[in-house]
Amino acid sequence: MGAKLLGFCLVSALLAYYLYTPIPEDIEEPWKAMLVATSFRVMGQLAEVADKLGLVHYMDTLMLLTDAEYVAPMSDENITVRDTEFSNVSVRLYLPKKPSERLRRAVVYFHGGGWCLGHAGMRSYDQVTRWTSDRLNAVVVSVNYRLAPQHRFPAQFEDVYTVTKFFLQSSVLSQYGVDPDRVCVSGDSAGGNLAAAVVQQLLEDPEVKTKIKVQALIYPALQTLDLNLPSYQDNDNKPILPRSLMIRFWGEYFTSDPSLQEAMATNSHVPLESSHLLQFVNWSKLLPEEMKRGHVYRAPVPGSPGLARRYPGFLDVRAAPLLAPDARLLRLPHTYVLTCQHDVLRDDGLMYVKRLRALGVPVTHHHAQDAFHGAMMFISWPMELAVGHRLLQQYIEWLDQNL
Ligand SMILES: *[C@@H]1O[C@H](CO)[C@@H](O)[C@H](O)[C@H]1NC(C)=O
Ligand SMILES: *[C@@H]1O[C@H](CO)[C@@H](O)[C@H](O)[C@H]1NC(C)=O
Ligand SMILES: *[C@@H]1O[C@H](CO)[C@@H](O)[C@H](O)[C@H]1NC(C)=O
């Protein structure tokens with residue numbers, strides 16, 4: 001009996017130890033946040049084991065979360081929702097039912113998931129885009145671009161670019177009753193990366209006559225060159241995006257070759273011949289003092305030229321919008337950036353804000369001191385956090401006032 005009790009206590013203690021995930025002190029609802037963080041950590045570990053055993057690809061295991069969260073297109077009293085294709089790329093459309101005297105606003109949205117995961121039909125994304133459509137009485141186009149590892153860069157970029165360009169044609173905008181002067185491109189995380197890249201590229205496309213009015217970038221990934229920024233170091237193991245997972249996402253975006261991820265892990269993937277690009281991600285110049293505290297600038301270690309020759313994508317401005325020269329950035333539209341303090345991607349967003357502002361681009365920057373990466377998506381049971389609702393409300397209010 002004593003042995004059984006001892007065994008039970010031991011197993012319980014081990015389980016509690018395993019499930020316990022440290023949460024930054026200033027996070028509200030710490031128990032709920034820990035539950036979220038632990039679920040993601042356990043999924044990551046299962047994915048790792050299944051991948052190591054050669055059973056399924058790491059991303060296929062994580063994709064189970066996307067599949068579990070999938071909801072079919074469902075119209076409600078205010079919005080007609082349907083899945084369709086724009087130029088052969090799958091999209092989910094949200095069309096307001098309420099009559100409108102004037103032309104409507106529109107938001108083109110790209111979901112997150114590290115270019116490998118996610119779907120416009122995930123419950124959380126469906127809510128974000130549905131609420132955007134409802135509150136703004138706007139048409140929302142949420143894009144299901146192709147994902148890695150089946151499809152590598154630039155497939156993801158090409159899909160979202162194709163859809164945006166298709167939608168911006170005046171015949172299409174008028175078919176949906178959209179005001180060509182009031183279109184926004186928006187996305188979160190990897191979707192924020194795609195949004196920033198698309199908006200830059202549109203500026204240089206002579207075939208596109210419609211101008212984007214605003215872009216909204218929610219904790220975007222904006223550069224691949226320096227993966228040891230203070231935010232990467234400070235948030236190495238924060239929920240839900242540890243540095244190792246972000247590096248895996250970056251690697252998978254370009255190739256299945258593990259040598260790229262290995263070089264990224266030691267921050268030694270940028271060859272000497274590309275070191276002129278490092279000025280665009282030099283945190284020593286581009287970060288505010290309070291984010292630099294406790295860090296000494298060290299440029300990334302020069303890496304093998306062969307790697308960059310085989311996978312040039314990671315030095316491509318369509319994958320790393322921060323690499324754009326000033327002459328390109330200064331023509332960008334009014335920009336909204338959300339950054340979270342406990343996020344490896346925090347400094348990407350901060351550096352973009354700094355560069356755009358220095359060039360006179362109007363920027364609204366919200367910094368969520370008490371949030372971790374992905375926080376805006378935790379808006380429905382069982383993964384519902386007050387901070388998610390707060391960030392979403394801020395974002396939608398900003399769109400309502402500025403689009
Ligand atoms: C539809 O719009 C009305 C009025 O704005 C709102 O009260 C209601 O909650 C909306 N319905 C849904 C399902 O969002
Ligand atoms: C869509 O795909 C079909 C079949 O692959 C092709 O014939 C057609 O030209 C494509 N349309 C566009 C707009 O790319
Ligand atoms: C980064 O900026 C610092 C300070 O302005 C400078 O000393 C350093 O040479 C820069 N490094 C690179 C690689 O741009």
Side-chain angles (χ1 to χ4, degrees), residues 71-91 94-100 104-105 123-141 143-146 151 154-155 157-169 171-172 175 207-208 223-230 267-289 291-293 295-303 308 315 320 322-326 347 350-351 354-355 358 379-380 389 392-393 396-397 399-400:
V71 290
M74 192 158 54
S75 301
D76 62 32
E77 53 184 312
N78 302 329
I79 312 286
T80 303
V81 182
R82 65 164 190 265
D83 286 349
T84 182
E85 288 187 349
F86 281 179
S87 273
N88 286 350
V89 179
S90 137
V91 297
Y94 298 81
L95 308 170
K97 290 181 178 170
K98 260 179 272 175
S100 175
R104 288 179 212 282
R105 298 176 281 183
R123 192 180 308 279
S124 49
Y125 286 117
D126 183 68
Q127 279 185 11
V128 167
T129 42
R130 180 184 299 269
W131 289 348
T132 307
S133 175
D134 191 21
R135 306 283 154 78
L136 273 66
N137 196 12
V139 171
V140 177
V141 181
V143 186
N144 280 315
Y145 51 89
R146 285 169 291 169
H151 304 278
F157 172 82
E158 280 172 353
D159 284 356
V160 293
Y161 194 74
T162 301
V163 165
T164 312
K165 193 165 165 174
F166 175 87
F167 185 65
L168 291 179
Q169 298 172 92
S171 57
V172 178
Q175 180 190 338
E207 291 169 18
V208 180
Q223 61 87 33
T224 45
L225 267 61
D226 190 346
L227 303 178
N228 270 351
L229 300 172
N267 213 32
S268 59
H269 49 297
V270 179
L272 204 56
E273 67 208 40
S274 302
S275 49
H276 61 285
L277 294 172
L278 292 173
Q279 58 175 311
F280 298 128
V281 300
N282 187 339
W283 62 262
S284 154
K285 284 188 304 190
L286 296 170
L287 279 188
E289 285 307 320
M291 300 297 177
K292 293 198 271 193
R293 211 163 291 147
H295 296 277
V296 178
Y297 183 77
R298 256 185 231 107
V301 183
L315 297 170
L322 252 170
L323 301 186
D326 289 355
D347 296 346
L350 292 174
M351 293 196 294
K354 169 84 179 202
R355 286 193 62 204
I379 48 172
S380 61
H389 286 285
L392 179 58
Q393 198 164 342
I396 291 183
E397 249 166 48
L399 283 180
D400 196 22

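Being a predicted model, the structure only gives us computed values, none of them experimental. In listed order, ligands and their atoms are each counted from 1.
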Note to self: With heavy-atom distances below 4.0 Å as the criterion, list the atoms of ligand 1 near Asp76.
What the structure shows: 13 (C)
Check: What atoms in ligand 1 come closer than 4.0 Å to a heavy atom of Asp134?
Finding: 10 (C), 14 (O)
Got [X] and [Y] here, is their nearest side-chain heavy-atom distance under 4.5 Å?
X	Y	value
Leu350	Leu286	no
Asn78	Arg130	no
Leu322	Arg355	yes

Check: When you check the gap from the basic side-chain N to the acidic O, do Asp76 and Lys97 get nearer than 4.0 Å?
Finding: no
Checklist line | Aromatic ring pairing Phe86/Phe167, orientation class (parallel under 30°, perpendicular over 60°, tilted between) | finding: parallel
Note to self: If we set the cut-off at 4.0 Å for heavy atoms, which region of Glu77 has an atom near ligand 1: side chain, backbone, both, or neither?
What the structure shows: side chain
Next item on the list: Look up atom CG in Leu229 and atom CD in Gln223, then write down how far apart they are to the nearest 0.5 Å.
Entry: 5.0 Å
Notebook entry, point to check: Measuring from each atom of ligand 2, which residues have a heavy atom under 4.0 Å away?
Noted result: Asn88
Next item on the list: Give yes or no for whether the N/O distance cutoff of 3.5 Å, strictly under, is met between Asn282 and ligand 3.
Entry: yes
Check: Will you find, in the side chains of Tyr94 and Asp134, an N or O donor that is under 3.5 Å from an N or O acceptor?
Finding: no
Notebook entry, point to check: Hey, is CD on Gln393 packed in by over 12 heavy atoms from elsewhere, all under 6.0 Å?
Noted result: no
Check: Based purely on interatomic distance, does Lys98 place a nitrogen or oxygen under 3.5 Å from a nitrogen or oxygen of ligand 1?
Finding: no
Check: Is it true that a side-chain atom of Lys292 and a backbone atom of Ser284 form a donor plus acceptor pair closer than 3.5 Å?
Finding: yes
Notebook entry, point to check: Numbering the atoms of ligand 3 from 1, which are under 4.0 Å from a heavy atom of Lys285?
Noted result: 2 (O), 5 (O)
